[in-house]
Each structure stands twice: as C-alpha cells, then as structure tokens.
Amino acid sequence: MIEIQELTKRYGGKTAVDGLTVTVRPGHVTGFLGPNGAGKSTTLRMIIGLNRPTGGSVTVQGRPHASNPRGLWYVGALLDASEVHGGRSASGHLRALARSNDIPRARVAEVLAQVGLADAANRRIGGFSLGMKQRLGIAAALLGDPQVLLFDEPFNGLDPEGVRWVRGLFRQLAAEGRTVFVSSHLMSEMQHTADHLVVIGRGRLIADESLSDFAARSVRPTVSVATPDAVRFAEILREQGVRVQSTGVQTLEVADLAAARVGELAFTHRVQLHELTTHATSLEEAFMDLTADSVEYLAGDPR
Amino acid sequence: MTTTTAPTLTPVERPAATRTPRVRFRDLVAAEWIKLWSLRSTKWSFLAAAFVVLGENLLSAWGDYSNYPDYSAKIKAVFVPYWALGDAFNDGSAFLLVIAAGAIGANLVVNEYGTRLIRTTFAAVPARRSVMAAKVVLATGVFVVFGALIVGVSFWADEAILSLRHAGLSIGYPGALRVTVAAALLAPIAALIGMAIGAVVRHPATTMVLLIVLNVVVPALLLDQRRLSATIDEAMPITAWARLPAIGDQTGPGPIGMSMAHAWIVYAAWAVVSVIVTVVVPARRDV
Ligand SMILES: Nc1ncnc2c1ncn2[C@@H]1O[C@H](COP(=O)(O)OP(=O)(O)OP(=O)(O)O)[C@@H](O)[C@H]1O
Ligand SMILES: [Mg+2]
C-alpha cells in the first residue's frame, strides 16, 4: 500500500507535483496517467525517497521508504531502464544489488530467467537493446520479492510479445496481493493492463477511480450514417434537436442519439441508409478530454 | 480443525515482507567490491597507473645508475642516503600516483552519477550514508594495498638498480621506511580526495579538472614563498609528502619550512575531511 498525502514538489519556481493525495491499494494494478510533464516520474521518485518532497508525505507499507535501511525487500522499482552502468554485465549489476540487500545470489539467475535474459546474463549492459534494458530493470525490481512494485513507462521499447508478457506479470503480481503502480502517458497501454486509474495533470489529481468507472464516464457514442440523401436527412435530424455534422458528401455524424433511434427516423422519413455504425468514444479520447485543460506541452502550440 | 478432502497443496513460500532483511554494513562493502571488479575498466586503470608510476621511477633510477660514474666525489659522498632515497620514490612519481589514484577514486563515485546508476543504488539502499561509507572503506582498503604494492616494488627495484653501483640502501636504513609509508599513503589520500570532489561535483569531466587543479596547478602556482601562498602550499598533500621524506633532524622545520608533525597532520586532515564530505553530502540532496 502506498499512501500519498498532500504531496508537493517544487523545483525552483516550477511546481511539478501539487498537493497530491492518493492511496494505491494492494491487489490491483493501478495505472498512473497524465500528459508529458504532469509529474508522474517526480511522484514516483518521491515514493522511493530519491527526491525529498517540498511538502506533504508519502509512505510505503506505512513507512517512508527512505527510512528503510535496505530497500529491495519492500519496494521494487523500475524508474528508468538507463539507470545502470553500461560496462557491467547484467548478472554483475544484479549481483551487486542483491548483495547490498542480503538477497541470496541464486536469486539473480532466477530473476534473469524470469525476464528472459538468462542467455544475456554475462553480456555487457551497454550492448543491450532498449527492450533488454527494460527487462533487466524489471528483473532488478523483482529481486527482493517486494510487496510494492513501481514502474515508470515500462512498455517503452518492448516488442508485442514483451508487452503481453509484462501485462501478464503485472496482473500476476497484483493477484498475489501486491501493490503494482504503473505510469504511462498512453491510455491505450493502460486499458489492457490496469484495473484502477490515477490520472494527474500539472501535478494535480484529476481522477482516481476503477477502470470501469472511468470507462462509464466516457461512453458518449456517436453514430455515423452513410446515405445518398445526406442533406435532407441532416435537416430532419436537426428538426429533432439532434447535433449532426456532415463528414463527407454522403456521410453524417450524429451525436447523442442511439443508432436504433437514427434508423427509426430514417425509416419514417423514407431515407435510404447505406451504413449505420455506432462508435463508442475510446478511453483514449476520454483521457484526452479529461486532461485537455492540463496539457502543458502541446505540439504545434503557437507562441 | 476440520479434515478436508481437498487435493494437497504444495506449500507456497512466504512473501518476502514477512521475512526481515539482515542489515549488515559488510554486505554494502561486498556489494561495492562486486561493483568495482565487475567493471573491466577497473583492472586496466590500476594496471595503467602502476605502469606509469613504476616506469617513471625506474627510468630515474636507471638515469642515476648510468650517470653514477660521472658524478663528482661530493655527490657520491652523500648519494646514500639523499639521492638514493630520492630515487626510491621520486617527485614525478608522486605526482603521477596522486593524479591516478585521485582519478580512479573520483570515478568510484562519479561514474554512478554520470550513468545515473546512483538512483538505482539509493533506491535499493536508502541508507545513503552507509552506501557512501562502504565506498570509502573499500577505496581506502584497495588504495592502501595498491599504494603499498607500487611503492614497495619501486623501492625494491630502484634500490636493486642502484646497488649495482653499491649506492642503494635497504628498507632498514633510518628514514627509509618513513619515505615508503608516506609515499604509499598518497594513494588512499588522493583517492579519498577524488571521491569527495566527485560527491560534491557529481559531473565526471568537471571532477577531473578540479582534481588536476588541486593537485597540480595549485602547488605549481604556489612555488614561490610569499607568506599566504606558503600557508596554502603547506596545506597541500603533495607538499606534505615532499616534507615527509626529509632526512636528518626530524623535529625541526624541514627543507620547506614545515615540521614533520605538520606534514602528518596535513595527511590526516585531508583524509578526514574527504571522508566526511563523501559520506554526508550525497545523503542531503535529490538524485
Ligand atoms: N530535477 C528537476 N529539475 C527541475 N525541474 C524538474 C525536475 N524534474 C522534473 N521537473 C519538472 O517537473 C515537471 C514534471 O516532470 P515529470 O518528469 O515528473 O513528468 P512526467 O509526468 O513523468 O512526464 P513524462 O510523461 O514526459 O515522463 C516537468 O515540468 C519537469 O520539467
Ligand atoms: Mg516521466
């Protein structure tokens, strides 16, 4: 369990995390979402005591992580796969970590095998691909068999097989009753991974709810219609007070009206339909809507 | 208790959180030892340092060996002990040893910041002062051995060369042991200073520049004897080293106006201050 209370971090005048209060519970994969620069990585660094909060507090299993003399037994974290020394072998890197925490040496081979790096154990990390480094970071996080696991953008650089494997691993860790907290700025990555979401923007909490609640708030279906009578049908719909948008010569997009009702209207007014399709808003769009006000670094932002 | 007919379950290992880790300082030293030797570059930097320092010493001893027949009777009269001891570990070698040990020592700290491995390290061991103390203990041990080996081999080889002219001396000669100990201690002291600079600066290139400024540029600039600069000069480890080999009156001021005790104190002060800085500073900052 991770308890974050009124957590604030300022770098000079820049507020990276702003009064964040969240509890991350065991037994779930909790997704940690927010646009670039929202403060996700900063929050994770404060959880494991690398950065000191400007205000507020954060505890892991009831204690500030910085007060644990040895950390791997309590929290396994992959914050950035490049935080290794390229000159060391994978097993050398893990052996040093294991030794510092009084973890038996045999555990190193175990976690390397678990992440699929057994064959690369004695190769220099400098020669690893991004995905291999990511796997090594996961191996390091698993080393102490901790109850709390943190991952910052763990899918970066993983191949589809790797992504599937990591998702499975997260679910398994959560099913074993552990706390799994995974950051991402892509909703699409999270919707198949997390069962609970914490969304932040500009360092502030925006949403803290289950994936299904999040999905529910976002169901605002649109119906696309293809008809040779597009102009007439649009008028008919507008007369009914429905929002309609023309998306092509023969296509319309209808908001806030169920497909069945659109079909019914077409039938009564003898409008021939070629196509009638419902599009549920994706979680991705819901996420974009939700964070639209807090996106700081907008592409093509004219200044 | 009820009896059930459920299939027997294989016992599951208890989760880690219910075991308690042993917290032992020696595990941290051992981890640092693994880190040091799992880098191939470590072996090469020590070998290169040994090669350069020994090379410089052997060349100068060889020079005296070759020139000996041409030396005046006055020089020959005092060759043992003054010149012979000077050859045992000359000034050039001392500079090279200080630079090499300083750079390798600094690298022990700075490579972790440069690669940001330090974040992985401190997340795994939140007791940051213990991590840095383990580094200090390991470095001190390794560099005492390294310094002793290099100086020991230098002494033995140089005096062997000179003894071909019957101009060498043994370690039992008054003052010879002090010369060797003073020279050997330059290695750990320079390494500790390098670590402290690294812990404060954290940036590899800047650290190396400061190290060279401190150990080479400052003493070179201060060669003149004006009062203030002499005071700073006498606080430099390399100056202290230059005083320690002085032979003869061991209580009064030596050739550079500095007492033997003062020289040992300079050694100790640099070591103590460096250790404190290395252990304390990284614990107080974000990484
Ligand atoms: N060490 C630092 N010094 C100064 N500013 C920082 C530092 N670390 C983070 N910031 C600032 O804090 C804000 C939050 O950054 P952070 O890296 O936590 O965002 P993030 O949510 O992880 O973004 P991303 O999705 O791009 O990884 C940013 O504006 C960033 O510039
Ligand atoms: Mg980030």
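All heavy atoms count here, side chains included; hydrogens, waters and symmetry mates do not. Numbers restart at 1 for each chain; the letters A, B, ... are given by sequence-line order, proteins then strands.
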Flag yes if more than 12 heavy atoms outside [X] fall under 6.0 Å of its [atom1] atom; otherwise flag no.
X: B:R116; atom1: CZ; answer: yes
X: B:F25; atom1: CZ; answer: yes
X: A:D159; atom1: CG; answer: yes
X: A:W165; atom1: CH2; answer: yes

* **Donor-acceptor pair, side chain of A:H93 and main chain of B:S38, under 3.5 angstrom** =>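 Checking the backbone N and O of B:S38 against the side chain of A:H93, no donor-acceptor pair under 3.5 Å is found.
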* A:D102 side chain to B:V23 backbone, donor-acceptor under 3.5 Å ->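 Checked: no pair found.
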How many angstroms lie between [atom1] in [X] and [atom2] in [Y], if you round to the nearest 0.5 Å?
X: B:R24; Y: A:R70; atom1: CZ; atom2: CZ; answer: 9.5 Å
X: B:I34; Y: A:L94; atom1: CD1; atom2: CG; answer: 11.0 Å
X: B:E32; Y: A:R99; atom1: CD; atom2: CZ; answer: 12.0 Å
X: A:R88; Y: B:L39; atom1: CZ; atom2: CG; answer: 4.0 Å
X: B:R40; Y: A:R124; atom1: CZ; atom2: CZ; answer: 6.0 Å

* Contact listing (chain B partner; residues 16-37 of chain A; heavy atom under 4.5 Å) -> none
Under 4.5 Å from any heavy atom of chain A, what part of [X] do you find: side chain, backbone, both or neither?
X: B:S41; value: neither
X: B:R128; value: side chain
X: B:Y113; value: neither

Decide yes or no for [X] and [Y]: does some side-chain heavy atom of the first lie under 4.5 Å from some side-chain heavy atom of the second?
X: B:L28; Y: A:S100; answer: yes
X: A:N101; Y: B:V125; answer: yes
X: B:R119; Y: A:L79; answer: no

* To do: Please state whether the side chain, the backbone, both or neither of A:S82 comes within less than 4.5 Å of a heavy atom of chain B.
  =>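 A:S82 touches chain B through backbone and side-chain heavy atoms alike.
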* A:L97 versus chain B, heavy atoms under 4.5 Å apart: side chain, backbone, both or neither? ->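 For A:L97, side-chain heavy atoms alone lie under 4.5 Å from chain B.
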* Asked: Most heavy-atom pairs under 4.5 angstrom with chain B, which of A:A66, A:G92, A:A96?
  -> A:A96
